[in-house]
Undergrad: 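Dropping the structure in here first, questions after.
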Number of protein chains: 2
Amino acid sequence: MSDKPISLKVLAAHLDLTVPTVSRALNNYADISPATRERVKRAADELGYRANQNARRLSLGTSETIGYLMPRFRSSIAQPFVAQLLQGLGEALSKRNWDLLVTHAESSKDEMAQIERIVRSGRVGGLVISRPLKNDPRIRLMQDLKCPFVVHGRTGASEGYAWYDVDGEDAFITAVNHLVGLAHSRIAFIGAPLQYQFAQDRLNGYQIAINANGLDVDPDLTQIADFSDDGGEIAMNMLLDLPQPPTAVVCVSDTMAFGAMAAIRSRGLRPGVEVSVIGYDGLKFGIHSNPPLTTMAQPQAHAGRRLGDMLLAIIDGDDPAKHQELQRAQLLRRKTDGPFNAAAQTTVSFREEYT
Amino acid sequence: MSDKPISLKVLAAHLDLTVPTVSRALNNYADISPATRERVKRAADELGYRANQNARRLSLGTSETIGYLMPRFRSSIAQPFVAQLLQGLGEALSKRNWDLLVTHAESSKDEMAQIERIVRSGRVGGLVISRPLKNDPRIRLMQDLKCPFVVHGRTGASEGYAWYDVDGEDAFITAVNHLVGLAHSRIAFIGAPLQYQFAQDRLNGYQIAINANGLDVDPDLTQIADFSDDGGEIAMNMLLDLPQPPTAVVCVSDTMAFGAMAAIRSRGLRPGVEVSVIGYDGLKFGIHSNPPLTTMAQPQAHAGRRLGDMLLAIIDGDDPAKHQELQRAQLLRRKTDGPFNAAAQTTVSFREEYT
DNA sequence: AGAAAATCCGAAAGCGGTTTCGGAAAGTTC
DNA sequence: GAACTTTCCGAAACCGCTTTCGGATTTTCT
């Protein structure tokens, strides 16, 4: 191993050729004789030559890099997916030797400035945006900048750009129907702030299924809280304080469901017995919760890979509108979905008097 | 917002100045009059000028980028920290507008090639390496390449390079002492493959504390398994199958502890009653396990930030050996550490006969 | 007022690659 | 053996920005 990275110039001098000739030899140009091409290549990896990427990309006029904006988060429990997503993106990019640039921002305003900077300065040739808001300014910005991008999730108006999403509406219809099948009729919803489109989608699914089954549409049964386990706990406590508490609850995420279960247990009730709980995400960890959490599992494994492939295709000129992929979540039954029974309800009433 | 990013050239033409003059004006050179400097800057952000980074860095001869090698992993539950670490790194870098490049590799061999490529091609000015092996070839490689780096964790011989680590030996001494204080005497260890230095450190701490307290050094009480919840479960089952099973166990990670608890529960025993369990990591999620997991919590929040600051300092010329930071983990008592009692042991024996 | 010192900007070269173009040497055709 | 192709490489220009250097213009000093 050497000290300074060796440049094309020294490689050329070493071979007694000119710089452009060596460059073309390494890039398999047809106007270089096979003999010298081989000679050049051999020398190149004997000396451990690596083209300087800043120079190369400047010349090529491309960054060969895509950017990933890390979702902002407070709760440290909230981001189990980024590692997996980054790995998938990396796999997609590595086929072409593209790089992955990861940035984060403190505030939404910072984030806008960040985006504007990294695309205008030519640092990235495309961006993946995650967890979009209902009406996300980042998408407008990217369109104005004419920079390719894909979205992990969707906004309210999802036409005209590329995205990969899991159908939250469908998932919550499935979840509610499942609970109805277990004879529940007072089914609550614990949600996240509706500025996030995914929160709205899942609420929509909940409402659709409630109506379709002809159940109560009691607005008190819909609780919106902070997107964290603490938020879930607070929301569940609100629900349990209702004159007529629900016998089942669907939660917008597993993390919130864990909080909800804590609230349930703290009142001497048993998740899956007195109160059924269904989460969303399919976190592996749910196996270890108390009791193991029934959840709508999303096929998370390939998201990164798919998003990377889509973005690359768009950068190559594909129409973004052609790349929209909607996956379905599947009910993963563990131990928190139980049948409605009147005896359990007695327990609830008893608890209320007792408190 | 415009179409093509505007270059220094068009900005200069717009101002009726030459390119170098505009460049120096923007970079606050003293030989540019304050008047024109202001004029230039105003025009620059009116037109939304952003220096092309490839060009800038080529000229400057620096990449202004550091790389992060994602740890390879199979189990999707195993990486709760990367998001937090990346965020911390990002914060450290953003003060100087450096970029963060994230790469991953399939195999160790690929990883070595990756490293060699990204540093020789001038893509990164430094690297952060995580979860090192006892004798990690990546460190030798980085030293040979004369490229600045910091390690998240330590290797066996930890002199001469920069690292940030949490003292696993100390943590396991604390954990074992705590259990001894609860009158346990048969204390087991569930570990990960010893090729990882952190696994060795934690085992060392366990052994030191066992000896210091004059307890059994039964080799059967040390179980090494896959670094996952399943691994923890398998290991715990081995321990419970022993003629004389342990009454307490320390686990090398929370994730493995969750698996261990599953094994304990599956035999009708109660973690924290018949068998005490102490994990390591301090995952927030442990609040929701069954029962809530007592653990050695590591101060994870600032790791990324510190690693970033250290690496930047080294790139600036600091001696790497000066930057070695050892943090301590703290016992976080939840519900799985209980006192030894003979009655519980009776239960265990009973269970054995019963099976 | 003339010389010396400051002030301010343009010219030129360079960072390390890539691509276009032209021409010498070699090979082909009659 | 002359004319025509083909093969193969060097010369030159460029990507967009930075830095050194020199010189014209203005200011300051006596």
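Chain letters run A, B, ... following the sequence lines, proteins first and then strands; every chain starts at 1.
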Undergrad: Are B/Gln143 and B/Arg140 close enough that a side-chain donor and a side-chain acceptor fall under 3.5 Å?
TA: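 Side-chain D/A pair, B/Gln143 to B/Arg140: absent.
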Undergrad: Which atoms of nucleotides 23-26 of chain D (N or O only) lie under 3.5 Å from a protein N or O atom, and what are those distances?
TA:
none

Undergrad: Rounded to whole Å, how long is the line connecting atom CD of B/Glu38 with atom C1' of C/dC8?
TA: 16 Å
Undergrad: Could you check whether any side-chain heavy atom of A/Ile66 comes within less than 4.5 Å of a side-chain heavy atom of A/Leu100, counting everything from C-beta outward?
TA: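 A/Ile66 reaches A/Leu100 side chain to side chain.
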Undergrad: Applying salt bridge (Lys or Arg N to Asp or Glu O under 4.0 Å), which residue pairs with at least one partner in residues 46-55 of chain B are found, sequence neighbours left out?
TA: A/Glu116-B/Arg50
Undergrad: Going by heavy atoms in the side chains, are A/Gln327 and A/Tyr164 under 4.5 Å from each other?
TA: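 Yes. Closest side-chain heavy atoms under 4.5 Å.
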Undergrad: Under 30°, 30 to 60°, or over 60°: which ring-plane class applies to A/Phe198 and A/Phe227, parallel, tilted or perpendicular?
TA: tilted
Undergrad: Can A/Arg56 and A/Gln53 be counted as having a side-chain donor-acceptor contact under 3.5 angstrom?
TA: yes
Undergrad: Taking everything shown except A/Asn135 itself, do over 12 heavy atoms lie less than 6.0 Å from its CG?
TA: no
Undergrad: What is the distance, to the nearest angstrom, from the CD1 atom on A/Ile6 to the P atom on C/dC15?
TA: 16 Å
Undergrad: Summarise how protein sits on nucleotides 8-13 of chain D as a single string, 5' to 3': B when a protein heavy atom is under 4.0 Å from the base, S for sugar-phosphate-only contact, - for no contact.
TA: BBBBB-
Undergrad: How many whole angstroms separate atom CG of A/Leu26 from atom P of C/dT19?
TA: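 Whole-Å distance recorded here is 12 Å.
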Undergrad: Could you give me the CA-CA distance, side-chain angles and deciding distance for A/Arg39 and A/Leu15, then say whether side-chain contact (heavy atoms from CB on, under 4.5 Å) is met?
TA: CA-CA 8 Å; A/Arg39 193 165 70 95; A/Leu15 286 163; 3.7 Å; yes
Undergrad: Heavy atoms within less than 4.0 Å of DNA chain C: which residues of residues 48-64 of chain B have one? Give them sorted by number.
TA: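 B/Leu58, B/Ser59 - these, ordered by number, are the residues of the stretch whose heavy atoms sit under 4.0 Å from the strand.
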Undergrad: Establish, with yes or no, whether the OP1 or OP2 oxygen of C/dT18 is under 4.0 angstrom from a side-chain nitrogen or oxygen of A/Ser23.
TA: yes
Undergrad: Determine whether A/Asp165 and A/His152 make a side-chain contact, defined as any pair of heavy atoms from C-beta on separated by less than 4.5 Å.
TA: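 The answer is no; the side chains never approach within 4.5 Å.
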Undergrad: Is there a side-chain contact between B/Arg123 and B/Thr65 (heavy atoms, below 4.5 Å)?
TA: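 SC-SC contact between B/Arg123 and B/Thr65 ruled out.
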Undergrad: Could you give the angle between the helix axes at the two ends of the helix from C/dA1-D/dT30 to C/dC30-D/dG1, with five pairs per end, rounded to 10 degrees?
TA: 40°
Undergrad: Using a 3.5 Å cut-off and no angle test, enumerate the donor-acceptor pairs between side-chain atoms of residues 300-314 of chain B and protein atoms at least two apart in sequence or in another chain.
TA:
| residue | atom | partner | partner atom | Å |
| --- | --- | --- | --- | --- |
| B/Arg305 | NH1 | B/Glu91 | OE1 | 3.3 |
| B/Arg306 | NE | B/Glu325 | OE1 | 2.9 |
| B/Arg306 | NE | B/Glu325 | OE2 | 3.2 |
| B/Arg306 | NH2 | B/Glu325 | OE1 | 2.6 |
| B/Asp309 | OD1 | B/Lys95 | NZ | 3.2 |

Undergrad: What do the steps show when you test A/Arg117 against B/Asn97 for side-chain contact (heavy atoms from CB on, under 4.5 Å), and what is the final call?
TA: CA-CA 10 Å; A/Arg117 279 229 321 270; B/Asn97 278 317; 2.6 Å; yes
Undergrad: A/Asn54 versus A/Arg57: any side-chain heavy-atom pair under 4.5 Å?
TA: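 Counting from C-beta outward, A/Asn54 and A/Arg57 never come under 4.5 Å.
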Undergrad: Would you kindly give the CZ-to-P distance between B/Arg120 and C/dG17, to the nearest whole Å?
TA: 12 Å
Undergrad: Can you measure B/Asn27 atom CG to D/dT20 atom P for me and round it to whole angstrom units?
TA: 12 Å
